[in-house]
Amino acid sequence: MKKIIYNSILTLGLGFLLMTSCTDEFLELTDPNSIISDNFYKNEDQVKQAVNGVYGQLQDIVTNQYIFTELVTDNTTVQINPQDRGQADRVESIDFWTYEPSNFNLDQAYKQIYNSIHNINSILQRMEGADLPEGKRNQFTGEMLFLRAYHYFHLTQYFGDVVLLTEPIESVDDSYEQTRTPSAEVYSQIIADLQEAANLLPLKSEYTSTEVGRAPKGAALALLGKVYLTIGQSAQAIDPLREVTGLGYDLLPDYASIFDPANKNHAESIFEVQYQGGNNLGENSVFAYIFAPINSNGVITGYATEATNGWNMPTNSIIDAFEPGDLRKDVSLQESYVDVDDSVVEVPYINKYINEHSVPGRTDDNWPVIRYSEVLLLLAEAINEETGGSQEAIDLVNQVRARAGLAGLSGLDQSALREAIFQERRVELAFENHRWFDLKRLYSNQELLALLNAHGQEELQNPTIDRSGVPYRGNDYDIQEYELLFPIPETQMILHTSFSQNPGY
């Protein structure tokens, strides 16, 4: 099967497309270094190249997304490396809730997302004059609106009020004049983008075999429903989520097959970021190496020559969250591994993205962004918020539980079902970058602080992973209310004198 492979090199907001088939024959459509925006966007091929450049940017954005969506929560922690303390103020500070505006990873995430938004806006504006079939114009517009909404959803969840751009910035002076937009207005734009995208995008089944991996109608509808739930509009969430259930998606019978690289873009997949391993073209993923324990000597990844980071390790909290007999647990995580000397090392690690690959350090795993099981749980959440403990909502949750080998729920009132749905989301979607946003949606600030600080105390007293003699610092695992939003990166505060920093930083 052919699929699109995204190259993330962009010049002046433009990108280029590499097409691949199972024979690994690649076609370079243009030299990205020779593209000039003023004479580009003339025809379908050129617009497609630019669109695929934006998809390519997702690879870098998603590669580090776990830091801000899982590591900051009670789901994962870091394995301390006493020989290398270079990540103490970067990755580790997110885990321990000691992040500052100078955090390098926050700065990079901010820049990467806004760079992609700039390219999206350039495409939307400049392709207006392109010679395009109407169907392709609608498709490309829908794809860009979906991705812009996706980016802004993350930005406002991370930072609160953010700069809202719907047109390209044409000069440096213009960029300096931007101000932060209230998050309510940002959400209004997100909703508008997703509504329009849902009207323009084709169904997943309508894409050709060379277009696998593009955002379909179902992705826009699913994200729209999630956004409505995030801002407390559960009634509005029901219709788009219910519409997704009629678009031909289905749960795979075997949970493990969801994450098998040989089974990419399957019937349960609504949208996933595309990677390709097995070569040196730079389109590969690296999640297995980021998440595998330090000094695991290749027994997990398969290649002892490649370093592993131990930067996103399951906590005791998430390990204990799985019910006895849950078939998802062993797929999602392992609590130990057998080293090369046959000794058992009691260090847990994420197992979802550990798959065989042929080139050291270059894995073939896609990243799941929206799955059909999440839609079922989101719809159950929306219905429960409106009707309270209805059988329809319980039945939706039970579809997900049945695949996991668990007994169905019954007789739950609204409050109990709400907790059950969020518990189900935690284990069904473990390590797929949903936990932080879920916690912020379910709990008030004070409830969330209590939950996280209780988790922090547990880690301080009984760390999931031995710290190899590195002591905790005085403010580790002590989260304050202002830290529920990340700081605006220091570099942006210097460049934009009109910006006000989030309170507390």
Side-chain angles (χ1 to χ4, degrees), residues 3-10 15 51-73 75-76 90-91 94 104-120 143-144 146-159 212-216 219-220 222-223 226 258-259 261 264-265 268-277 281-292 309 311-312 332 350 352-355 357 361-371 374 429-438 486:
K3 64 177 182 177
I4 53 173
I5 296 296
Y6 313 125
N7 191 301
S8 58
I9 298 173
L10 296 177
V51 167
N52 281 325
V54 171
Y55 277 106
Q57 292 182 296
L58 285 174
Q59 293 176 336
D60 287 339
I61 291 169
V62 169
T63 293
N64 291 319
Q65 200 174 76
Y66 73 93
I67 299 172
F68 318 110
T69 54
E70 295 283 355
L71 194 60
V72 72
T73 77
N75 266 9
T76 62
R90 296 184 180 191
V91 174
I94 303 293
F104 175 81
N105 288 311
L106 283 169
D107 183 63
Q108 287 298 104
Y110 189 99
K111 290 175 181 175
Q112 287 173 339
I113 294 173
Y114 268 110
N115 183 268
S116 187
I117 289 171
H118 169 74
N119 288 310
I120 289 168
E143 291 176 65
M144 293 299 92
F146 166 76
L147 291 176
R148 186 169 71 184
Y150 172 82
H151 287 322
Y152 269 117
F153 180 57
H154 282 79
L155 278 172
T156 195
Q157 285 281 291
Y158 291 164
F159 301 109
V212 173
R214 296 186 178 279
L223 184 55
K226 187 172 187 176
I258 296 169
F259 311 101
K264 294 180 178 183
N265 305 297
E268 188 170 334
S269 172
I270 296 177
F271 185 67
E272 57 191 71
V273 177
Q274 309 293 305
Y275 295 88
Q276 185 193 77
L281 295 170
E283 303 292 341
N284 59 279
S285 55
V286 291
F287 302 112
Y289 293 88
I290 295 173
F291 302 161
N309 296 330
W311 286 347
N312 198 35
S332 298
I350 293 172
K352 277 185 173 179
Y353 313 104
I354 305 296
N355 293 292
H357 50 286
R362 290 164 172 75
T363 59
D364 195 34
D365 301 78
N366 281 0
W367 187 267
V369 176
I370 306 172
R371 294 196 282 113
E374 183 186 12
L429 304 171
F431 320 124
E432 296 179 41
N433 296 349
H434 297 284
R435 181 64 172 168
W436 185 233
F437 297 174
D438 283 357
F486 295 126

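From a predicted model like this one, the values you see are computed outputs, not experimental measurements.
Scanning all heavy atoms of the two residues, the minimum distance from K352 to F259 falls at O-CB, 3.3 Å. Nearest heavy atoms, Y150 versus L223: CA-CD2, 3.8 Å. Nearest heavy-atom pair across F68 and N105 is CZ-O, 3.4 Å. Smallest separation of non-hydrogen atoms from D365 and S285: O-OG, 2.9 Å. Shown here for I370 and A222, the closest heavy-atom pair between the two residues is CG2-CB, 3.8 Å. For the residue pair S116 and V54, the shortest heavy atom distance occurs at OG-CG1, 3.7 Å.
A side-chain donor from one of Q274 and N265 sits under 3.5 Å from a side-chain acceptor of the other. Checked by atom type, the side-chain pair N52/R214 shows a donor-acceptor distance below 3.5 Å.
Applying the salt bridge (Lys or Arg N to Asp or Glu O under 4.0 Å) test to D107 and every residue at least two apart in sequence or in another chain returns K111.
Contact of the I117 side chain with the L147 side chain is not registered, since no non-hydrogen atoms from C-beta on lie closer than 4.5 Å. By the 4.5 Å heavy-atom criterion applied to side chains, I350 and N312 are counted as neighbours. Side-chain contact between I113 and Y158: present, with at least one pair of heavy atoms (C-beta onward) separated by less than 4.5 Å. With contacts defined as side-chain heavy-atom distances shorter than 4.5 Å, the pair E432/E374 does not qualify. Counting heavy atoms from C-beta outward, T363 and N355 have side chains that stay 4.5 Å or more apart. Contact of the W436 side chain with the L71 side chain is not registered, since no non-hydrogen atoms from C-beta on lie closer than 4.5 Å. Taking 4.5 Å as the limit, some side-chain heavy atom of W367 sits within range of a side-chain heavy atom of F287. Considering only heavy atoms from C-beta on, R362 stays 4.5 Å or farther from V286 through its side chain.
By the 4.0 Å N-to-carboxylate-O rule, R435 lies too far from E70 to be salt-bridged with it. Salt bridge K264/E272: absent, no basic N to carboxylate O contact under 4.0 Å.
If you look at Y114 and H118, their ring centroids are not closer than 6.0 Å. Ring centers of F159 and Y110: under 6.0 Å apart, within the cut-off. A centroid separation of 6.0 Å or more is found between the aromatic rings of F431 and Y353. For H151 and F146, the ring centers sit 6.0 Å or farther from each other.
Identified under the salt bridge (Lys or Arg N to Asp or Glu O under 4.0 Å) test for residues 149-159, with sequence neighbours left out: none.
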